[in-house]
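The structure appears below as structure tokens.
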Amino acid sequence: MTATASRAVGLNTRALRKQVGWTMQQLADRCTEHGLAVHRATISKIERGMSDGAPVHVSADQLAVLAAVFGVTADSLLAAADCPTCTGTPPAGMTCNTCGTRTPATHTREPQR
């Protein structure tokens with residue numbers, strides 16, 4: 001799975017987890033109950049998309065169990081997601097700390113007289 005696809009899975013996983021009100025540990029426990037032992041630290045790495053500064057690649061097994069736990073399709077987890085922090089559009093001239101999306105400044109300052 002590409003880093004971009006894994007990043008989409010991470011953002012969608014975080015959004016779904018927050019939606020249902022689970023902690024990372026609760027999600028890890030549910031993944032384990034569905035047949036794939038997953039640690040809380042693994043959930044954190046998947047959601048952040050990074051591990052020790054390198055992109056995280058979500059395995060097919062992880063994708064399948066996350067989809068089963070949330071009751072969604074793997075395709076929906078792979079779909080490009082709006083960032084749960086900035087919803088894909090941070091304020092003009094800002095960069096989202098969660099997804100890295102940067103929005104260009106849309107205005108210029110009026111010269112002072």
Side-chain angles (χ1 to χ4, degrees):
M1 185 175 301
T2 67
T4 303
S6 290
R7 187 67 188 126
V9 171
L11 290 173
N12 287 322
T13 296
R14 182 175 190 269
L16 287 167
R17 180 180 63 77
K18 295 253 183 208
Q19 222 173 40
V20 295
W22 295 339
T23 65
M24 287 183 196
Q25 184 60 56
Q26 288 171 317
L27 175 55
D29 292 344
R30 283 179 171 78
C31 289
T32 300
E33 290 166 5
H34 275 79
L36 184 66
V38 176
H39 297 281
R40 187 210 54 80
T42 302
I43 298 298
S44 176
K45 290 174 185 177
I46 289 171
E47 288 186 5
R48 286 183 294 118
M50 298 293 282
S51 176
D52 298 325
V56 166
H57 295 279
V58 177
S59 73
D61 289 339
Q62 290 169 330
L63 177 64
V65 79
L66 287 168
V69 165
F70 288 118
V72 299
T73 65
D75 286 347
S76 68
L77 286 175
L78 287 164
D82 286 340
C83 174
T85 301
C86 72
T87 63
T89 53
M94 304 297 277
T95 301
C96 176
N97 290 332
T98 301
C99 70
T101 299
R102 176 160 177 74
T103 303
T106 57
H107 66 283
T108 58
R109 296 183 102 184
E110 293 289 324
Q112 292 185 347
R113 298 177 188 201

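None of the values given here were measured: they were computed from a predicted structure. Heads up: numbering here begins at 1 and tracks the sequence.
Between S76 and N12 there is no side-chain heavy-atom pair separated by less than 4.5 Å. Between D29 and V38, the closest side-chain pair of non-hydrogen atoms is not below 4.5 Å. Within the 4.5 Å cutoff, the side chain of Q62 has heavy atoms near those of the L36 side chain. In this structure, T73 and L78 have side chains that are not in contact, with every pair of non-hydrogen atoms separated by 4.5 Å or more. A heavy-atom distance below 4.5 Å is not found between the side chains of L16 and L27.
Every residue two or more places apart in sequence or in another chain was checked for a side-chain hydrogen bond (donor to acceptor under 3.5 Å, both in side chains) with D61, and none qualifies. The side-chain contact (heavy atoms from CB on, under 4.5 Å) check on H39 picks up T42, with sequence neighbours excluded. Here Q26 pairs with W22, T23, R30 under the side-chain contact (heavy atoms from CB on, under 4.5 Å) rule; sequence neighbours left out. Not a single side-chain hydrogen bond (donor to acceptor under 3.5 Å, both in side chains) links E33 to another residue, sequence neighbours left out. With sequence neighbours excluded, no residue forms a side-chain hydrogen bond (donor to acceptor under 3.5 Å, both in side chains) with T32.
A74 approaches A67 most closely through the heavy-atom pair N-CB, 3.9 Å. Across every non-hydrogen atom of R40 and A28, the tightest pair is N-CB, 3.8 Å. Heavy atoms only, all atoms of each residue included: A79 and A8 are closest at O-CB, 3.6 Å.
Every pair passing salt bridge (Lys or Arg N to Asp or Glu O under 4.0 Å) that includes a residue from residues 15-26 is listed here, sequence neighbours excluded: R17-E47.
Here the straight-line distance linking atom CG of L77 with atom CG of L11 works out to 11.5 Å at 0.5 Å rounding. We find the OG-NE2 distance between S51 and H57 to be 10.5 Å, quoted to the nearest 0.5 Å. Atom OG of S59 and atom CD1 of I46 lie 7.5 Å apart (nearest 0.5 Å). Between the CE atom in M24 and the NZ atom in K45 there is a gap of 12.0 Å [rounded to 0.5 Å].
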Side chain to side chain contact (heavy atoms under 4.5 Å, CB included) between S6 and V56, intermediate numbers included: CA-CA 7 Å; S6 290; V56 166; 5.6 Å; no
